[in-house]
Structure formats: structure tokens, C-alpha cells
Amino acid sequence: MEKITRRSFVNKFGLGVGASVVMTTLPSFITEAEKVHKPYTGKKLNIALCGLGNYASLLAEGLQVSEYCQLAGIVTGTPSKAETWKKKYNIPEKNIYNYENFDSIAKNKNIDMVYVVTPNSLHKEFTVRAAKAGKHVIVEKPMAITVEDCEEMIKVCNDNNVQLAMGYRLHYEPNHLEIKRLGQEKVLGQVRYIETGLGYSTYDVRDINKPVDLNARKEWRLTKKWAGGGCLINLGIYCIQVSRYVLGEEPIAVTAQFGTINNKNRFKEVEENITWQMEFPSGAVANCSSSYGFGIDRFHAAADEGFFEMSPAVSYGPFVGKRSDGKPFNFPVINQQQTQMDEICKVILADKKLPNHITGEEGIKDVRIINAIYKAAETGKKVSLK
């Protein structure tokens, strides 16, 4: 990640923050906010959500209040979901697709962009199909399971002259913009150590011996085929991201250790717990943890002249931050999904190229690191990323 120059940051964000910020190059995600927000009244990009799981519902709610985009279509393999969403969001029948007829979306001029929110292993397929249909794409993290898949996604989007964006909502969140500034501008000195973790208790310990149907659609995160891994690839990616953009550096080596599997029925194929360490060129070290077995959501950065931290930190918030020097760390809660989508669509509507921090060029970096962490955990050896 590139270094940034100091920029003023206006601490007056509301739910409409997405309409009042401008993106620049990685990792300076957005510059200063406009002091007076003028409601946007121009053309909106029409988005089709591909995959209607839990997170798609959050995106749909964000799209209800977005200024630069709107929910116009859906893609689902479940007919009952299609009917429910059709009624709830007043979606025209002509804008409803299943996984088999999805390619015909190429003929639909009422859809400008596809947001891929499917299980991880399907990210490449639907990104490629959407790009070949001439639609811009936003794909949820992780970008894909393999680096090769990421490379193909980038190439196909480039070949078809469409833009590929990553669903990194925290790149536009005020608290995260602040810790990025504190770290990269060395406000409290050089950051030497980062500790961060994200985990959720995903099962009832009283039912630890209860059988689990790993073939059930709702359990896709527990299967290697669909998820590509466990808590690391789905949750730990946030820890990787925050460490990278706070330091403004790329890790040069990783070590890792799988944790105990407490629920052997649920975690037959993917990890329940994992801890890993990342070394950076400046000498900084990040110690990270992720889990499907216990709750953790924190970030701490120790610098030469103090520290800054958040808890909650890398989930959906609301985030709570603190600085060792006692200076204010209090930013309003925003609609993260609305803000992210508006900022992406604002750039595309202006016929400009998306900055690298939100494109596949950023997503592929995380996948390389994730795969190196898995290799380190499997072999017990340090893995170089140079």
C-alpha cells in the first residue's frame, strides 16, 4: 500500500456520508467531506444482487437509501426467495434471474451492475459471467478462493471493459479512516505492534455433539468446497485488511497456528480457530486471531508515543475507539453498505476508473496472504511473501 499525505478529516458524517466524500488512490480511501451536502438528483446505477443470503438483505436495505444506485434486480437459485424479494422490493419480473438463465442479463439494459454475494467458490463464476454480459461488478470478500481465479476475474473484466469493485465497506467508515490516518501519518509515532481479532460464537456449546448436515445450503461456510476455508477466509480477512491499511505496508512473511477444534461435528472440513502473525518491512508485527467458536472484535496498535484502539473494531459496529493521549475518537454511525455502494457508483457514473484500493488489484493481495497463512499453519513453517 502507498503512503499518504496528511489530509483534514471532517468529523461530521451522517447516514448520507456516502454522497459527500470523494475517493482517491490506495489507501487514502476518501478525502475531506464536503461541508454542505447537496442531494444528488442525477442518473442512478441499477444494481442486481446475485445471491440472496443474509448479507444481501443488508445490501438491499442500504440500496433503499442510496443516492447513486438502486436495487433493480435479483439473481437467486431459490424460487421462494425470488417471490419474497419481488414483493418486498417491487422488482419487475423481467429483472429476476436464476443461476441458469443469468447470462441473458446481457440483453437487459435496465441492469448496470451485478453485486456478487454468493458463497466464496462461486465468486469467480458469476463475476466472469456478469462481465461477459457487459455489467460492472462488485464482489464480496474474499475475492475468490485462489489467486488464479482472481487473476481471471480481473482479466475478463478488463477484456469486457467493465469495472470490478470489491465489497470493502470499512474503506469508507469514519473510524477506520481515522486509524488509517493515525497509523500512516505516525500521529503517535511509528506503529510497532498490532493486535486484532474477529470471531463469533456460531454454535451452542450445549449442543456440541449435535449432528450437522454439511450439505445443507445454510451451512456452506463449513464446507471447503463452497467456502474455501473457515474463519480465516471469511472473518480473518478483516484483520488482514486493517493491519495493512493502518501500516500502509504489505506483509513480507507470515507464521500461523490452527487452534483447537472444539466442535468436531461442525468443523470436519474447515478450521474453527486460527492465530497468525504478519511481519512488515518497517519491522512492525501484527498478531491476529479469528474464530467460529468464540466472540472477539478488537483492534490495538502500539506506537512509539502511545496507542490507539477500537472495540468493537472490525465487525459491523457501532465502533468504539480510544487514543492514549485522550484526544476525541468519536465518529457518528453510518450506513456502511449504502456508503460503500454510493462511493463506488459515483466514480463509475463519472466515467472514471476506480482507485486500486477498492478493485480486484486489492482483493487479490488478500487472497495471496490468506493462502500463505493456510500454508504456514499446515506446515508449521514461516512463509515468505516477498
Side-chain angles (χ1 to χ4, degrees), residues 43-57 59-60 63 66 69-167 217 220 223 225-228 341 344-345 348-349 351 353-354 358-361 363-364 367:
K43 169 183 167 58
K44 290 187 174 185
L45 287 184
N46 291 325
I47 294 181
L49 294 178
C50 179
L52 302 182
N54 292 335
Y55 191 63
S57 295
L59 292 171
L63 286 166
S66 295
C69 50
Q70 60 192 356
L71 178 60
I74 53 175
V75 185
T76 179
T78 308
S80 60
K81 284 186 178 180
E83 190 62 28
T84 299
W85 280 63
K86 175 184 177 181
K87 293 178 180 177
K88 183 173 182 179
Y89 296 108
N90 195 28
I91 298 173
E93 186 67 38
K94 65 179 181 179
N95 291 353
I96 299 175
Y97 298 87
N98 57 46
Y99 295 153
E100 286 70 39
N101 67 12
F102 172 68
D103 299 313
S104 63
I105 201 171
K107 301 175 182 177
N108 192 337
K109 295 182 179 180
N110 293 318
I111 301 295
D112 302 302
M113 173 179 280
V114 175
Y115 198 136
V116 180
V117 208
T118 60
N120 302 339
S121 65
L122 297 176
H123 286 184
K124 185 197 81 169
E125 175 187 344
F126 284 97
T127 295
V128 168
R129 291 171 72 179
K132 288 182 177 179
K135 309 301 179 184
H136 298 295
V137 184
I138 305 177
V139 61
E140 259 310 301
K141 59 80 201 162
M143 183 176 175
I145 291 176
T146 69
V147 170
E148 291 74 21
D149 283 352
C150 294
E151 291 172 339
E152 182 177 348
M153 293 159 72
I154 293 170
K155 183 179 186 303
V156 173
C157 287
N158 288 338
D159 289 348
N160 287 275
N161 198 31
V162 299
Q163 299 216 50
L164 172 60
M166 288 294 307
R217 183 170 296 185
W220 67 265
T223 63
K225 174 183 177 181
W226 296 112
M341 289 185 286
I344 289 170
C345 292
I348 293 175
L349 283 166
D351 198 26
K353 182 177 174 58
L354 288 167
I358 202 68
T359 68
E361 301 299 334
I364 197 172
V367 174

Ignoring hydrogens and angles, tell me if any N or O in the side chain of [X] forms a donor-acceptor pair with the backbone of [Y] under 3.5 Å.
X: Lys43; Y: Leu349; result: no
X: Lys124; Y: Thr146; result: no
X: Lys81; Y: Leu52; result: yes
X: Asn160; Y: Val162; result: no
X: Asn158; Y: Ile154; result: yes
X: Asp112; Y: Asn46; result: yes
X: Asn120; Y: Ala227; result: yes
X: Thr223; Y: Trp220; result: yes
X: Thr118; Y: Gly51; result: no
X: His123; Y: Val139; result: no

I want to check something: taking the side chain as every heavy atom from C-beta on, are [X] and [Y] in contact at a cut-off of under 4.5 Å?
X: Val147; Y: Ile364; answer: yes
X: Ile47; Y: Ser66; answer: no
X: Cys69; Y: Met113; answer: no
X: Thr127; Y: Val156; answer: no
X: Trp85; Y: Thr76; answer: no

Which heavy atom of [X] sits nearest a heavy atom of [Y], and at what distance?
X: Ala48; Y: Ile105; answer: CB-CD1, 4.4 Å
X: Lys135; Y: Ile111; answer: NZ-O, 2.7 Å
X: Ala144; Y: Asp149; answer: CB-CB, 3.7 Å
X: Asn110; Y: Ala72; answer: O-CB, 4.0 Å

Holding to side chain to side chain contact (heavy atoms under 4.5 Å, CB included), I want the full list of residues that pass it with Asp351, two or more places apart in sequence or in another chain. none

Classify the angle between the aromatic ring planes of Tyr99 and Phe126 as parallel (below 30°), tilted (30 to 60°) or perpendicular (above 60°). tilted

[atom1]-[atom2] distance between [X] and [Y], expressed to the nearest 0.5 angstrom:
X: Asn101; Y: Ile96; atom1: CG; atom2: CD1; value: 10.5 Å
X: Tyr89; Y: Gln70; atom1: OH; atom2: CD; value: 14.0 Å
X: Leu49; Y: Leu71; atom1: CG; atom2: CG; value: 5.0 Å

For [X], look at atom [atom1] and say whether over 12 heavy atoms of other residues, nucleotides or ligands are found less than 6.0 Å away.
X: Lys132; atom1: NZ; answer: no
X: Asn161; atom1: CG; answer: no
X: Asn90; atom1: CG; answer: no

Can we say Arg129 and Glu125 salt-bridge, meaning some charged N sits less than 4.0 Å from an Asp/Glu carboxylate O? yes

Which of Val137, Ile348, Ile138, Ile344 passes side-chain contact (heavy atoms from CB on, under 4.5 Å) with Gln163? It is Ile348

